[in-house]
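Fair warning: this is a prediction, and the values are worked out from it, not measured in the lab.
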Amino acid sequence: MSDLLIKNARPMAGEPSDILIRDGRIAAIGVGLAAEGVPTEEAGGRIAIPGLVDAHTHLDKSLLGYPWYVNEVGPRLIDKIDNERKVKRDYGLDAHVQSMRQSLQSVGCGTTLIRTHVDIDTDQGLVALEGVMETRRQLAGVVEIEIVAFPQSGLMRRPGTAELLDRAMALGADLVGGLDPCGMDRDPKGHLDTIFALAEKYGKGIDIHLHEGGELGAFSMEMIFERIRARGMQGKVAVSHAFCLGLPDWNVSQALIDTCAELDVPILTTAPPSREVPSLKRLRAAGVRFGAGVDGFRDTWGPYGNGDMLERAMLLGMKNNLRRDDELLMALDVCTTGGAAVMDRADHTLAVGGRGDVVIVEGESVGEAIVTHQPRKLVVAAGNIVARDGKSLRERP
């Protein structure tokens with residue numbers, strides 16, 4: 001059912017109002033609304049916010065449901081990548097089961113829209129993609145899932161991966177992924193030419209992981225910009241992590257930020273405390289679309305995280321030294337409407353005409369809701385109630 005009347009909520013901690021959702025969209029917000037025959041939920045004066053958006057995660061990697069994983073992995077990126085492939089084989093990891101577990105945990109925390117990167121490599125082929133696509137099918141109406149075909153183990157360094165990415169796009173992946181064209185493949189021209197050609201072939205966008213920091217990352221960003229201009233792909237290429245935008249030389253980083261604005265290159269962050277990250281305020285001031293995600297959690301890469309994007313808003317605020325209540329509103333926007341805008345969902349907003357994704361949270365103010373991130377009282381996706389009191393209504397496998 002996609003019709004719902006939420007009584008006595010406080011949209012973004014404002015005055016008490018009712019929210020009427022019809023056919024999955026917000027039809028009215030006001031006082032004393034009534035709708036005959038429409039199910040009614042009482043918010044009890046709690047805050048209503050838009051559905052939370054996890055715009056960067058890895059649903060196929062989670063070890064949720066398994067015993068605690070003892071992490072003894074080396075410090076390099078390639079150490080983590082090679083170890084993960086081995087653990088997947090040893091565990092016989094089922095990407096469908098694991099993506100269901102993580103997705104439903106995120107739904108319980110109020111997430112209604114997810115962009116996930118799914119590993120495509122010569123070890124497992126398209127198995128992970130098929131598993132996550134089945135999860136997307138089963139959870140239609142509960143959470144929207146957008147899939148990036150992601151060459152986690154490298155592209156040029158592993159012959160046959162490009163052909164697998166091609167097949168993944170044909171099978172139904174939404175975007176082409178990429179990864180550290182210099183640091184991983186050591187062939188930035190070959191790597192970027194391949195993923196841009198695939199995106200053009202299928203008329204899809206790109207979301208590329210760029211962990212490369214400093215001048216190396218800046219060099220890769222410039223090569224990405226060149227291809228966006230050459231192929232007319234403004235607004236179609238996102239960069240995840242983009243640690244190079246945290247360069248201490250503000251003249252260099254500001255030039256990169258300004259070019260992101262010029263070419264409409266969205267940036268996605270996970271706000272890790274261990275790295276320099278893009279500045280929320282500088283990106284917003286430049287007009288760059290900016291979203292956030294939980295990345296992987298409870299996997300072979302690291303033990304942290306729980307799928308809660310409201311907690312991620314707090315971490316984003318801490319990383320960016322956001323202390324004022326109005327600044328915390330910016331952090332929440334990145335984790336809701338901002339993340340949705342990166343995914344070209346302009347209607348993901350708590351306003352009349354917006355998609356009926358509403359989360360009822362505890363707190364006197366939005367700031368308190370973020371920093372305490374108590375269990376969500378109610379989660380609504382397109383007018384459907386999908387979670388109560390911090391738990392998805394659908395059981396995790």
Side-chain angles (χ1 to χ4, degrees), residues 53 55-56 77 115 178-184 188-189 191-192 195-196 205-293 295 312-324 326-344:
V53 178
H56 181 101
L77 182 67
R115 174 180 286 184
L179 171 69
D180 295 342
C182 294
M184 174 57 68
K189 181 182 185 302
H191 183 105
L192 293 174
I195 65 174
F196 272 82
I206 293 171
D207 188 334
I208 180 168
H209 281 58
L210 193 61
H211 304 98
E212 299 165 0
E215 293 182 0
L216 182 62
F219 172 72
S220 290
M221 287 282 279
E222 292 288 356
M223 293 192 73
I224 292 168
F225 296 155
E226 288 174 3
R227 283 155 179 78
I228 292 172
R229 289 190 177 100
R231 294 177 179 266
M233 289 189 65
Q234 292 87 343
K236 299 297 184 182
V237 181
V239 178
S240 289
H241 299 305
F243 295 138
C244 61
L245 296 185
L247 271 165
D249 187 334
W250 275 43
N251 290 321
V252 175
S253 60
Q254 190 61 48
L256 294 172
I257 290 170
D258 290 343
T259 307
C260 286
E262 173 200 343
L263 299 177
D264 189 13
V265 177
I267 301 298
L268 295 159
T269 188
T270 61
S274 58
R275 297 291 299 267
E276 291 299 321
V277 299
S279 164
L280 184 158
K281 288 184 177 181
R282 292 174 68 195
L283 289 175
R284 284 177 65 96
V288 178
R289 288 188 284 163
F290 191 35
D295 212 348
R312 188 62 48 170
M314 180 189 74
L315 297 174
L316 184 66
M318 294 173 69
K319 186 64 180 178
N320 284 271
N321 195 28
L322 307 181
R323 298 171 183 269
R324 294 163 49 105
D326 56 346
E327 293 176 330
L328 289 172
L329 284 171
M330 290 192 296
L332 181 64
D333 180 76
V334 171
C335 296
T336 54
T337 302
V342 169
M343 299 166 67
D344 295 319

Novice: How many angstroms lie between OG1 in Thr270 and CG in Leu316, if you round to the nearest 0.5 Å?
Specialist: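 If we round to the nearest 0.5 Å, Thr270:OG1 and Leu316:CG are 10.0 Å apart.
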Novice: Could you measure the distance from the CE atom of Met221 to the CG atom of Leu263? Nearest 0.5 Å is fine.
Specialist: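 Going from the CE atom of Met221 to the CG atom of Leu263 covers 9.5 Å.
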Novice: With sequence neighbours excluded, tell me which residues meet ring pair (Phe, Tyr, Trp, His ring centres under 6.0 Å) with His209.
Specialist: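 Applying ring pair (Phe, Tyr, Trp, His ring centres under 6.0 Å) to His209 gives His56, His58, His117, Phe150, His211, His241.
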Novice: List in chain and number order the residues that pass side-chain contact (heavy atoms from CB on, under 4.5 Å) with Ala341, two or more places apart in sequence or in another chain; answer none if no residue qualifies.
Specialist: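 Testing Ala341 for side-chain contact (heavy atoms from CB on, under 4.5 Å), a comparison that skips the adjacent residues, returns Arg289.
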Novice: Does any pair with a residue in residues 330-342 pass side-chain hydrogen bond (donor to acceptor under 3.5 Å, both in side chains), and if so which ones, sequence neighbours excluded?
Specialist: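 Those involving residues 330-342 are Arg284-Asp333.
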Novice: Kindly compute the distance separating OG (Ser240) from CG (Leu179), expressed to the nearest 0.5 Å.
Specialist: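 Reported value, rounded in 0.5 Å steps: 10.5 Å.
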Novice: Can you sort out the partners of Arg323 under salt bridge (charged side-chain N to carboxylate O under 4.0 Å, His left out), two or more places apart, ordered by chain and number?
Specialist: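 Arg323: no salt bridge (charged side-chain N to carboxylate O under 4.0 Å, His left out) contacts found.
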Novice: Going by side-chain contact (heavy atoms from CB on, under 4.5 Å), name the residues that satisfy it together with Ala55, two or more places apart in sequence or in a different chain.
Specialist: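 Per chain and number, Ala55 pairs via side-chain contact (heavy atoms from CB on, under 4.5 Å) with Val53, Leu268, Met343.
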Novice: Do any pairs count as a side-chain hydrogen bond (donor to acceptor under 3.5 Å, both in side chains) and have a residue in residues 251-260, sequence neighbours left out, and if so which ones?
Specialist: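 Every pair satisfying side-chain hydrogen bond (donor to acceptor under 3.5 Å, both in side chains) with a residue in residues 251-260: Ser253-Arg282, Gln254-Asp258, Gln254-Arg282.
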Novice: Could you go through Arg227 and Lys189, starting from their C-alpha distance and side-chain angles, then the distance that decides it, and tell me whether this counts as side chain to side chain contact (heavy atoms under 4.5 Å, CB included)?
Specialist: CA-CA 10 Å; Arg227 283 155 179 78; Lys189 181 182 185 302; 3.7 Å; yes
Novice: Check whether any side-chain heavy atom of Leu77 sits under 4.5 Å from a side-chain heavy atom of Met184, and report yes or no.
Specialist: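 The answer is yes; the side chains approach within 4.5 Å.
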Novice: Sequence neighbours excluded, which residues qualify as side-chain contact (heavy atoms from CB on, under 4.5 Å) partners of Lys236?
Specialist: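 Partners of Lys236 under the side-chain contact (heavy atoms from CB on, under 4.5 Å) test: Met233.
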Novice: List for me each residue that meets side-chain contact (heavy atoms from CB on, under 4.5 Å) alongside Leu315, sequence neighbours excluded, and say none if there are none.
Specialist: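 So Leu315 forms a side-chain contact (heavy atoms from CB on, under 4.5 Å) with Arg312, Met318.
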Novice: Could you list all the ring pair (Phe, Tyr, Trp, His ring centres under 6.0 Å) pairs where at least one residue sits in residues 256-277, not counting sequence neighbours?
Specialist: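 Residue pairs with at least one partner in residues 256-277: there are none.
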Novice: Among residues at least two apart in sequence or on other chains, which ones pass salt bridge (charged side-chain N to carboxylate O under 4.0 Å, His left out) with Asp249?
Specialist: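 Once residues adjacent in sequence are excluded, Asp249 has no partner under the salt bridge (charged side-chain N to carboxylate O under 4.0 Å, His left out) criterion.
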Novice: Glu276: what forms a salt bridge (charged side-chain N to carboxylate O under 4.0 Å, His left out) with it, not counting sequence neighbours?
Specialist: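 Per chain and number, Glu276 pairs via salt bridge (charged side-chain N to carboxylate O under 4.0 Å, His left out) with no residue.
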Novice: Taking salt bridge (charged side-chain N to carboxylate O under 4.0 Å, His left out) as the cut-off, I'd like each qualifying pair that reaches into residues 207-224, sequence neighbours left out, listed once.
Specialist: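 Sorted pair list: Arg115-Asp207.
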